[in-house]
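These notes are about the structure you will find just below.
As a basis for the values below, the full set of heavy atoms in this structure was taken, side chains included, without hydrogen atoms, waters or symmetry mates. Every number for a ligand or one of its atoms is a count from 1 in the order of the listing.
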Amino acid sequence: MSELEANARAIVAPGKGILAADESTPTIKKRFDSIQAESTEDNRRAYREMLFTAKGAEEFISGVILFDETIRQSTADGTPFPALLAGKGILPGIKVDTGAKALAGAEGEKVTEGLDGLRDRIAEYHGLGARFAKWRAVITIGDGIPSDTCLDVNVHALARYAALCIEGGLVPIVEPEVLMDGRHTIDRCFEVTERTLRRLFDALYAQQVPLTATILKPNMVLAGSECRQQADVQTVAEQTLRCLRNAVPAELPGIVFLSGGQPDELATAHLNEMNRLGGGPWELSFSYGRALQAAPLKAWAGKAENVAAAQKAYLHRARCNGAARNGSYTSEIERAAA
Ligand code: 13P
């Protein structure tokens with residue numbers, strides 16, 4: 001097995017998943033605003049240090065996705081974050097896209113940028129210790145959208161990014177996120193997600209990206225957040241599995257879901273139910289941002305004296321999601337919190 005394939009499998013090792021801590025500077029500012037903390041470089045560093053030094057997280061966390069600023073930062077006592085994580089057996093990852101921008105000629109749709117100079121940036125990030133990368137495309141459901149154009153340009157960019165990652169020694173995580181925003185039904189989300197994934201795997205095939213070294217980070221199949229008819233946990237799990245079976249090749253080692261704004265416990269329950277039902281050829285895991293960080297962010301509240309409480313809250317969510325990796329998450333585990 002190649003090193004890339006081994007790393008791809010390590011990312012989806014049993015019982016473990018990814019902490020997405022790659023919020024861009026504007027996004028982390030929004031998170032800090034919610035706890036009335038100032039988004040200074042040192043506060044961002046202190047917050048990430050709180051997460052990355054949580055003892056025992058490595059039992060449930062296989063990889064952490066970092067942002068450009070974060071991969072260059074260190075703990076207060078001078079250990080670079082990538083070295084700190086690697087020392088615990090956690091793979092450092094890096095967000096390499098430069099964000100979703102308005103797509104010209106396509107009202108309400110976006111295309112993700114960041115291909116210019118990417119080969120050199122990948123080489124630099126590999127030198128800084130990164131072993132995997134992430135690129136997020138954003139697909140919006142609305143009247144008459146997504147358009148074919150939006151899907152085509154986004155999957156083409158995802159495949160170009162993935163091919164460059166493979167060349168540069170990083171496992172590519174390909175993330176085509178169909179947003180939850182809107183009034184659409186779960187059936188409409190199913191249809192758009194399937195259409196997106198089929199096109200994505202066509203583009204990866206056309207650009208000769210080896211799927212055995214690639215990880216997919218999709219949305220779950222859910223009703224829009226403003227849809228009056230929300231599906232229950234079992235329906236979400238069944239529809240998501242059915243959609244993935246229709247569109248995702250079996251040779252892919254694993255699928256790591258984004259949480260996308262779902263409440264923490266629901267994101268855990270959905271993953272748990274999918275693993276309980278099983279039947280797919282891939283590992284089904286998590287790469288959660290908000291669903292792992294909302295609780296510790298609130299507990300931390302920007303204050304050094306809250307670090308221990310925040311780490312406890314983070315470890316609890318990590319443990320619950322670790323249990324969801326094999327369908328053993330229960331309300332007892334959830335309540336055994338703090
Ligand atoms: P959420 O789990 O908060 O959606 O974040 C995951 C992520 O990395 C989105 O790109």
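Atom CZ of Arg121 has more than 12 neighbouring heavy atoms from other residues, nucleotides or ligands inside a 6.0 Å radius. Surrounding CD of Gln229 are at most 12 heavy atoms belonging to other residues, nucleotides or ligands under 6.0 Å away.
Residues forming a ring-ring contact (aromatic ring centres under 6.0 Å, His included) with Tyr329 (at least two apart in sequence, or on another chain): none.
For residues 262-273, every residue pair satisfying the side-chain hydrogen bond (donor to acceptor under 3.5 Å, both in side chains) rule, not counting sequence neighbours, is listed here: Gln262-His270, Thr268-Arg317, Thr268-Asn321, Glu273-Arg276. Residues in residues 238-253 take part in no salt bridge (charged side-chain N to carboxylate O under 4.0 Å, His left out) pair, two or more places apart or across chains.
Protein neighbours of ligand 1 below 4.0 Å, counting non-hydrogen atoms: Ala20, Asp22, Lys134, Arg136, Glu175, Lys217, Leu258, Ser259, Gly260, Ser287, Tyr288, Gly289, Arg290.
Between Trp300 and Phe32, the two ring planes are tilted [angle within 30° to 60°].
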